[in-house]
Amino acid sequence: MVVALNAWLTLVVLLMSIYTVRHWIFTFSRVYGKQRMSFSDAYEEHPPSVTVLVPMHNEALVAQACLDALLASEYPKDCLDVIAIDDQSTDATNEILLAYAERHPHVKVLTMHGPERGKANALNVALESVESEFVLVFDADYTPGRGLVRTLINAFVDPEIGAVMGRVVPRNTNRSMLTRLLSMERAGGYQVDQQARYNFNLLPQYGGTVGGFRRRMLAELGGFDQHALAEDTELTAKIFQHGWKIVYDNRAECYEEVPETWESRFKQLRRWSRGHNRVLWSHLWGLVTAPVLTLPQRIDAGLLMLCYAVPPILLSGWAAALVLFLLGRLPYAGGVTLAFCVVLYNAFGNFAPVYQVATAEVLDGSTTRLFLLPYLFYMFPFNSWAITTGFIDAVGDIAKSRRGRWDKTARVGNAPPT
Amino acid sequence: MPTPEGPRPARVTIRPHRSYRTLRVSRVTWPANAVSLPLGMLLAYAVLLLLWPRATAWITHVLAQNTPVTQSVSDNFLRIASTVPVPTLPSLSVVSALDVAGLGAAALVVAALYKQKNAPLPLWIIGNIIVLIATALWAFLQGRVAYDGPTYMLLLERTSVIMILCAPIFAVVVSALLPFSTLERTAMFTMLIAIDFVMSILRLAVFALLLTHAGVVIEAVLYLFFGPLIDVVYFITAYSLCVVSLSRRIARTESVWEWL
């Protein structure tokens, strides 16, 4: 038993070490390496027709800000359609959307009825009425800048590009400790992680918002899995397996409202974990054996898919350490110390090690906020448990062939920056 | 439009957008990184050799004079001498172990009913309670726990020594990613070692006192939640101070930002 527990602890440490090295290399590349840019400088005199989809369910607090931001876009109005999808809202969302549609001819409202609910299903239904080749998706709590549509669409000048992803920047950062910490996490995840993956030609992820795709490609891939809770990760997996590419555009910043309560964040993280781990189950093997991917891409695919399985693995390592302690066989000199160090490297923040978060904040020009770095420790038990519960949900879903329930993230509706 | 004879236009500073900023590497950065690790570890080892024996002996003496912790044990781990305070553990009874397990279970029920439990602090407390219950049940079933007072304190002391020796490794790993000045780098190494050293000595005393009063059932909780885990928080605290200094310096001298 002791041998088995030590072996398991060693494996956990090894896995953590792999992630540590991976993120260290990413951070190094982002700070000192050559940055791969998107297609920001490309300019087409006749911009293509674009449809923006905004799925909404009870988004009365934020719908207006999102639509106002889209209507202020510099993109030629005759080439831009906005479809606001009311996914069975029970608040004033539908009235708000209809009022916008009345005033603005290029805003259309799709009101969903029927038994199915959820973002993936809403997008599939909306796509049936889309004629543009290029589709962008924004969640309702996002406020895109005036030039964002054009910046994102530029990526499609390359015919191999199937999807594009921009950077998510919280706009309610200064509301609480939670929002500040989430803002730091986001910085680490986008400013460093996504950009580095793009630098190395690995697998930048399509994040389901502040991004878009080719309609033809999505049709080829069979659309979104309508029961997926992480339709973005599922699409990412399918895109790469079929030889398409994803561009990450770090310059395409869009502002979002991050959760302001722990309960809301817990539900969000749990849903992400549940959805992501279901995609892990269905696509891991396909990705790591995809002949169209290079070896580094396959390795990155495996690590990307596993990232929401790491916290439960980590907690199992912790449990092994507890049993070893009770048996009086805890290896004080190396194993456990290293385990704890590595645990912390990887569990600070949302899979963004502390040095990655710090580097992203330095690149962003932050100063005083960096005093909060130790407080990321505060997130460690929270993130670990939220993701583990999502993992358990996913295992239950797979075992019982049941569908996941879509837990909506509560909105606050702070005014966007002027 | 200013004319050639008119006032000169104000100096224009063009700052690259943060999206693709990179940092300029000074010529001394890489050699500094290369020598930091052996120098840092030497510094940590020297501090341990010189100060650890005195500090542990002092804290043991202070405890013996002022608290019920009067025993001690000597160690010579990695040739670093130490005198470690040893708690006199209250005898473990079946009743007390069950009491702890029962109270822990009750606390878990209360926590489960608490609406705001999905927040960092409640989850941290719940984690502590679970480990506490596991230890109490183990003690109840086995009639003892694996670590007696001296063994436990030596485990803690040796772990602390390793963590202090590991501090420079942490510092090198994180400092290689940003262009710290020599002063900032030195400050980081010094702070990491100093803070961890002081807190480790304090921890020896606090753990010895807590164990004297609460007994073996809290051994695992203390070690797993407030042992090496907390050392890394000290490291990151020191690191964050240096990163703030670096970031402020960079903000003042935008010339260090690199164009692509």
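In the text below, chain A, chain B and the rest are named by the order of the sequence lines, each starting its count at 1.
- For Val169(A), the part lying near chain B is the side chain, with the backbone staying farther off; criterion is any non-hydrogen pair under 4.5 Å.
- Neither the backbone nor the side chain of Thr389(A) has a heavy atom closer than 4.5 Å to any heavy atom of chain B.
- Of the residues considered (Leu178(A), Asn250(A), Leu327(A), Thr261(A)), Asn250(A) shows the highest number of contacts with chain B, using heavy-atom pairs under 4.5 Å.
- Taking chain A as the reference chain and counting heavy-atom pairs below 4.5 Å, the highest number among Val131(B), Val243(B), Leu246(B), Thr151(B) is found for Val243(B).
- Of the two parts of Glu219(B), the backbone and the side chain both hold a non-hydrogen atom closer than 4.5 Å to a non-hydrogen atom of chain A.
- Figure legend: cation-pi geometry between Arg36(A) and Tyr198(A), with NZ or CZ positioned under 6.0 Å from the six-membered ring centre and within 45° of its axis.
- Only the side chain of Phe266(A) comes within less than 4.5 Å of a heavy atom in chain B; its backbone stays farther off.
- A donor-acceptor contact shorter than 3.5 Å links the side chain of Ser247(B) to the backbone of Ser366(A).
- Within the 4.5 angstrom heavy-atom criterion, atoms from both the backbone and the side chain of Pro179(B) approach chain A.
- Of the listed residues (Leu370(A), Thr367(A), Leu326(A)), the one with the most heavy-atom contacts under 4.5 Å to chain B is Leu326(A).
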- Asp393(A) and Arg270(A): CA distance, side-chain angles, deciding distance, salt bridge (charged side-chain N to carboxylate O under 4.0 Å, His left out) verdict: CA-CA 9 Å; Asp393(A) 292 338; Arg270(A) 183 174 181 169; 2.7 Å; yes
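- Looking only at atom types and distance, the side chain of Thr151(A) has no donor-acceptor partner in the side chain of Arg251(A) under 3.5 Å away.
- Contact annotation for Tyr234(B): neither backbone nor side-chain heavy atoms come within less than 4.5 Å of a heavy atom of chain A.
- Ring pair Phe28(A)/Trp24(A) is parallel by interplanar angle, where below 30° counts as parallel and above 60° as perpendicular.
- Judged purely by distance below 3.5 Å, without hydrogens or angles, the side chains of Arg30(A) and Gln191(A) pair a donor atom with an acceptor atom.
- For Trp385(A), the part lying near chain B is the side chain, with the backbone staying farther off; criterion is any non-hydrogen pair under 4.5 Å.
- Aromatic ring pairs are classed by plane angle as parallel below 30°, tilted from 30° to 60° and perpendicular above 60°; the pair Trp124(B) and Phe226(B) is perpendicular.
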